[in-house]
Amino acid sequence: MKLLEGKTVLVTGASTGIGAAAAIGAAQHGADVVINYHSRDNDAEAVITAIEATGRRGLAVKGDVADARTATEFVAKAVEAFGKVDVMVSNAGICPFHSFLDMPVETVQRTMQVNLLGGYFMVQAAANQMVKQGHGGAIVAVSSISALVGGEYQTHYTPTKAGLHSLMQSTAIALGRYGIRCNSVLPGTILTEINKEDLADEAKRKYMEGRVPLGRLGQPEDMIGPIVFLASDMAEYVTGAALLVDGGAFVNLQ
């Protein structure tokens with residue numbers, strides 16, 4: 001069953017990792033997909049090739065989500081190409097690990113601009129298009145388990161993910177009258193470019209795996225089902241919710 005048949009789905013930060021998996025997964029479920037990416041031209045091209053291999057249409061739009069103009073341009077190009085926006089998956093994010101006491105101002109500002117403000121303006125641009133269209137829509141923000149727990153080397157990152165979760169709660173209220181649903185997914189440790197260097201330490205990786213009741217760290221493909229569900233009509237009465245996708249790590253206190 002193709003849950004996104006006939007929909008146009010936009011995914012930010014989709015040249016690699018969770019964004020790439022979500023984009024390809026949406027196409028596998030029947031959607032035309034427009035991806036945003038920052039710099040990885042070859043990777044973005046590979047994602048579009050994978051989308052088109054499913055028989056759906058794909059389009060890559062390069063741009064830095066930290067610039068608010070990127071959001072309006074992204075949505076405009078999606079509408080120009082495919083006529084509408086049904087789903088926005090706000091996924092773009094960075095996490096340059098660094099200790100707290102000597103955290104560079106520039107690192108904090110860049111992380112906030114990409115993760116939180118970038119998400120804010122992408123959601124706003126997509127919502128305005130959905131309201132204009134008049135037939136509702138779905139917005140999914142890729143938050144993180146880090147919205148609920150701390151991280152010693154992520155003091156600049158965890159507030160942005162908590163902010164995305166909070167943004168979905170508030171926009172669920174603001175946009176519900178237009179039939180637009182807003183939800184977040186909270187991944188646990190997923191093996192992507194964002195943590196590749198951190199998890200290169202074999203001992204740390206094995207420790208992290210041992211904390212997960214399902215016995216392994218996540219793969220980007222593990223996020224497809226939850227994102228597609230929240231984007232689909234199967235979740236038509238789900239809004240303002242947060243879905244943990246962490247293999248059980250959050251509940252494993254003891």
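Side-chain N or O atoms of S170 include none that pairs as donor or acceptor with a backbone N or O of L167 at under 3.5 Å. Put simply, the side chain of N183 gets close to the backbone of G240: a donor and an acceptor are under 3.5 Å apart. With S166 contributing its side chain and A162 its backbone, the two residues share no donor-acceptor pair below 3.5 Å. Proximity of a side-chain donor or acceptor of N252 to a complementary backbone N or O of R211 within less than 3.5 Å is detected. A side-chain donor-acceptor contact under 3.5 Å links H156 to the backbone of P96. Side chain of R181 to main chain of L230: a donor-acceptor pair is present (N/O by atom type, distance under 3.5 Å, no hydrogens or angles). A donor-acceptor contact shorter than 3.5 Å is absent between the side chain of D86 and the backbone of V9. Judged by distance alone, the side chain of R56 and the main-chain N or O of A27 form no donor-acceptor pair under 3.5 Å. Side-chain atoms of D43 do not come within 3.5 Å of backbone N or O of S15 as any donor-acceptor pair. S232 places a side-chain N or O within 3.5 Å of a backbone atom of M234 that can act as its donor or acceptor partner.
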Item to check | Worked check of side chain to side chain contact (heavy atoms under 4.5 Å, CB included) between V212 and D246 | outcome: CA-CA 8 Å; V212 180; D246 68 344; over 6 Å; no
Next on the checklist: The test is side chain to side chain contact (heavy atoms under 4.5 Å, CB included); show your working for I18 and I227 and say whether it passes.
Outcome noted: CA-CA 10 Å; I18 292 172; I227 291 172; 4.2 Å; yes
Checklist entry - Given the rule in the side chain to side chain contact (heavy atoms under 4.5 Å, CB included) test, do E152 and S99 qualify, once you have shown the distances and angles that lead to the verdict? => result CA-CA 7 Å; E152 180 180 358; S99 56; over 6 Å; no
Item to check | salt bridge (charged side-chain N to carboxylate O under 4.0 Å, His left out) assessment of K7 paired with D233 | outcome: CA-CA 11 Å; K7 295 186 184 293; D233 294 340; 3.5 Å; yes
Next on the checklist: Evaluate M130 against Y178 for side chain to side chain contact (heavy atoms under 4.5 Å, CB included), listing each step before the verdict.
Outcome noted: CA-CA 8 Å; M130 291 173 184; Y178 303 107; over 6 Å; no
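Side chains of I35 and L59 form no contact here, defined as non-hydrogen atoms less than 4.5 Å apart. Looking at I190 and L217, their side chains never come closer than 4.5 Å, going by heavy atoms from C-beta outward. The shortest distance between side-chain heavy atoms of K84 and V79 does not fall below 4.5 Å. Two residues are said to be in side-chain contact when any heavy atoms from C-beta on lie closer than 4.5 Å; E52 and R57 fail this criterion. Side chains of F74 and M122 form a contact here, defined as non-hydrogen atoms less than 4.5 Å apart. Considering only heavy atoms from C-beta on, I224 stays 4.5 Å or farther from D222 through its side chain. Using a 4.5 Å cut-off on side-chain heavy atoms (C-beta onward), S143 and V185 make no contact. T160 places a side-chain heavy atom less than 4.5 Å from the side chain of T111.
Y37 belongs to no hydrophobic cluster with other residues, because no ILVMFWY side-chain heavy atom falls under 4.5 Å from its own, directly or through intermediates. Cluster note: I173 groups with no other residue, as no ILVMFWY side-chain heavy atom lies under 4.5 Å from it.
In terms of the salt bridge (charged side-chain N to carboxylate O under 4.0 Å, His left out) criterion, residue partners of E202 (sequence neighbours excluded) are, by chain and number, K206. Listed by chain and residue number, R205 satisfy the salt bridge (charged side-chain N to carboxylate O under 4.0 Å, His left out) test with E209 (two or more places apart in sequence, or in another chain). Every residue was checked against the salt bridge (charged side-chain N to carboxylate O under 4.0 Å, His left out) condition with K161, not counting sequence neighbours, and none meets it. In this view, T239 satisfies the side chain to side chain donor-acceptor pair (under 3.5 Å) rule with no residue, not counting sequence neighbours.
Taking every heavy atom of both residues into account, A138 and A231 meet most closely at CB-O, 3.7 Å. Between A50 and I24 the shortest heavy-atom distance is CB-CD1, 3.7 Å. What you find for A127 and L175 is that their closest heavy atoms are CB-CD1, 3.6 Å. Counting all heavy atoms, side chain and backbone alike, A249 lies closest to P213 at N-CD, 3.7 Å. Here the shortest heavy-atom pairing between V114 and A66 reads CG2-CB, 4.1 Å. Of all the heavy atoms in V33 and F82, the pair that sits closest is O-CE1, 4.0 Å.
Checked by atom type, the side-chain pair T70/D67 shows no donor-acceptor distance below 3.5 Å. Between the side chains of Q129 and Q133, at least one donor N or O sits under 3.5 Å from an acceptor N or O.
With respect to D64 and R110, a salt bridge is recorded, a charged nitrogen being found less than 4.0 Å from a carboxylate O.
Hydrophobic clustering (ILVMFWY, side-chain heavy atoms < 4.5 Å, transitive): V75 and V131 are in one cluster. Cluster membership for V61 and V87, using ILVMFWY side-chain heavy atoms within less than 4.5 angstrom, is not shared. Linking Ile, Leu, Val, Met, Phe, Trp and Tyr whenever their side-chain heavy atoms come within less than 4.5 Å puts V89 and V228 in one cluster. No continuous path of hydrophobic side-chain contacts links V140 to L186 [ILVMFWY only; heavy atoms under 4.5 Å]. In terms of hydrophobic clustering, with Ile, Leu, Val, Met, Phe, Trp and Tyr side chains grouped at heavy-atom distances under 4.5 Å, I139 and F121 are assigned to a common cluster.
We find the CG-CG distance between L116 and L164 to be 5.5 Å, quoted to the nearest 0.5 Å.
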